[in-house]
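Bear in mind that the values here come from a model prediction, so they are computed numbers and not experimental data.
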Protein chains: 2
Amino acid sequence: MAISSRFTVGVHILALIELNKEEKTSSEFLAGSVNTNPTLIRKIMGMLKKAGLIEVQPGIAGAKLAKSPSDISLLDVYKAVDVVHENELFSLHENTLYECIVGRNIHDSISPVLSAAQLSMEKELGNVTIQDIIQDIVQKESGSGNP
Amino acid sequence: MAISSRFTVGVHILALIELNKEEKTSSEFLAGSVNTNPTLIRKIMGMLKKAGLIEVQPGIAGAKLAKSPSDISLLDVYKAVDVVHENELFSLHENTLYECIVGRNIHDSISPVLSAAQLSMEKELGNVTIQDIIQDIVQKESGSGNP
DNA sequence: TGACTTGTAATCAAATTAAATACATGATCG
DNA sequence: CGATCATGTATTTAATTTGATTACAAGTCA
């Protein structure tokens with residue numbers, strides 16, 4: 001099991017839109033960079049748009065960020081592309097036996113722990129912004145010896 | 001997407017073995033409480049045994065915990081049943097375009113963030129033991145008005 | 001108008017999960 | 001010793017999910 005790549009692709013899209021802001025960034029161009037097809041990119045862009053993270057207009061190439069990259073956290077992206085629902089990172093077996101002390105209580109006993117674990121993971125994502133990712137990319141690039 | 005219920009079922013199994021320690025706990029009995037089939041229970045028990053969390057012997061009904069329940073964390077169970085591999089909670093799109101600044105750097109730039117998020121979630125699981133779950137079950141039970 | 005774009009629906013193949021079945025092997029007891 | 005019950009494992013099946021693909025409607029603009 002793994003969390004859908006829609007999330008990391010979403011981050012890729014946002015970072016590239018910003019780094020390529022002098023040019024028009026089409027879904028075709030993004031798809032090439034991500035190495036997938038433009039349909040998937042448009043689907044994800046639709047979700048990012050709905051969440052108010054980017055601005056795109058039908059028929060017009062060139063998406064823009066709707067906010068400063070330092071105001072977009074990875075958690076915002078994660079929520080926007082809807083990869084994990086609230087309290088649903090972990091699966092619980094349903095219809096455990098009511099006649100058993102564990103069966104009738106395990107759900108309520110373990111759920112708070114699972115929630116806390118999920119929230120802790122999400123909190124980490126909230127501490128990092130698209131700007132941080134962009135800066136890291138640019139810094140790696142400058143240190144790489146590339147011209 | 002969600003993390004396999006093998007994890008929460010594993011916790012259920014351990015808690016029930018301990019709470020039922022005066023009797024012999026068979027995979028059949030456990031399957032009834034979890035509401036699944038004995039085969040799945042045995043598969044998970046095999047993993048718990050391999051990880052040194054329980055003691056089971058072929059042909060003999062009655063599994064026992066191999067350690068004190070206060071020495072078994074939910075993280076131990078999570079690792080034992082192998083639901084999420086190290087650094088693989090999140091998916092990354094493979095073969096991003098090397099000719100693009102984002103394509104050639106995004107993997108290395110985002111991976112540390114994803115690792116940190118996963119580790120943070122796992123750390124939370126490490127803070128809770130089977131004993132904590134058992135206590136909570138017993139406490140809920142006593143507060144429920146059940147005789 | 002024609003070329004290019006976004007938006008969206010529908011279909012398809014691959015991978016994963018848990019359920020189910022079958023059977024070999026070990027233990028126990030009459 | 002042989003019947004019964006247990007664990008250990010392999011295999012198959014059905015359901016679900018993911019991403020790839022195809023198709024096409026509708027917007028933009030030279």
Answer with yes or no whether the side chains of [Y] and [X] bring together a donor and an acceptor at under 3.5 Å.
| X | Y | value |
| --- | --- | --- |
| B/Q118 | B/N87 | no |
| A/H12 | A/S33 | yes |
| A/T25 | A/N20 | yes |
| B/D76 | B/S73 | yes |
| B/S68 | B/D71 | no |

Euclidean distance, B/F7 CZ relative to B/L74 CG, rounded to 0.5 Å: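 Output value for this atom pair is 5.0 Å.
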
I need the residues from [range] with at least one non-hydrogen atom less than 4.0 Å from DNA chain D; give them sorted by number, or say none.
| range | answer |
| --- | --- |
| residues 34-51 of chain A | A/T36, A/N37, A/T39, A/L40 |
| residues 7-29 of chain A | none |
| residues 56-68 of chain A | A/P58, A/G59, A/I60 |

Pairs involving residues 38-48 of chain A, ordered by first then second residue, that meet side-chain hydrogen bond (donor to acceptor under 3.5 Å, both in side chains) (sequence neighbours left out):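 For residues 38-48 of chain A: A/S27-A/R42.
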
Closest non-hydrogen atom pair between A/T129 and A/S70, with its separation: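 For A/T129 and A/S70, the tightest heavy-atom pair comes out as CG2-O, 3.5 Å.
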
Closest contact, heavy atoms only, B/L125 versus A/A117: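 In this case the closest contact between B/L125 and A/A117 is CD2-CB, 3.9 Å.
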
Ignoring hydrogens and angles, write down the donor-acceptor pairs under 3.5 Å from the side chains of residues 52-66 of chain A, residues two or more places apart or on other chains.
none

Expected rows: protein N/O vs nucleotides 15-17 of chain C N/O, under 3.5 Å:
| from | atom 1 | to | atom 2 | distance (Å) |
| --- | --- | --- | --- | --- |
| C/dT17 | OP1 | A/M1 | N | 3.3 |

Distance, rounded to the nearest Å, where A/I3 contributes CD1 and D/dT17 contributes C1':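 Rounded to whole Å, this separation is 15 Å.
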
Rounded interatomic separation in angstrom, taking CG from A/D82 and C1' from D/dT17: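 Computing the A/D82:CG to D/dT17:C1' distance gives 14 Å.
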
Phosphate OP1/OP2 of C/dA19 contacted by A/H93 side-chain N/O (<4.0 Å):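 Affirmative; the distance criterion is met.
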
pair B/V77-B/I13: side-chain heavy atoms closer than 4.5 Å: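 No, every pair of side-chain atoms sits at 4.5 Å or beyond.
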
Side chain to side chain donor-acceptor pair (under 3.5 Å) between B/S120 and A/S120, intermediate numbers included: CA-CA 6 Å; B/S120 174; A/S120 173; 2.4 Å; yes

CD (B/E28) with more than 12 external heavy atoms under 6.0 Å: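 Atom CD in B/E28 is not crowded, with 12 or fewer foreign heavy atoms closer than 6.0 Å.
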
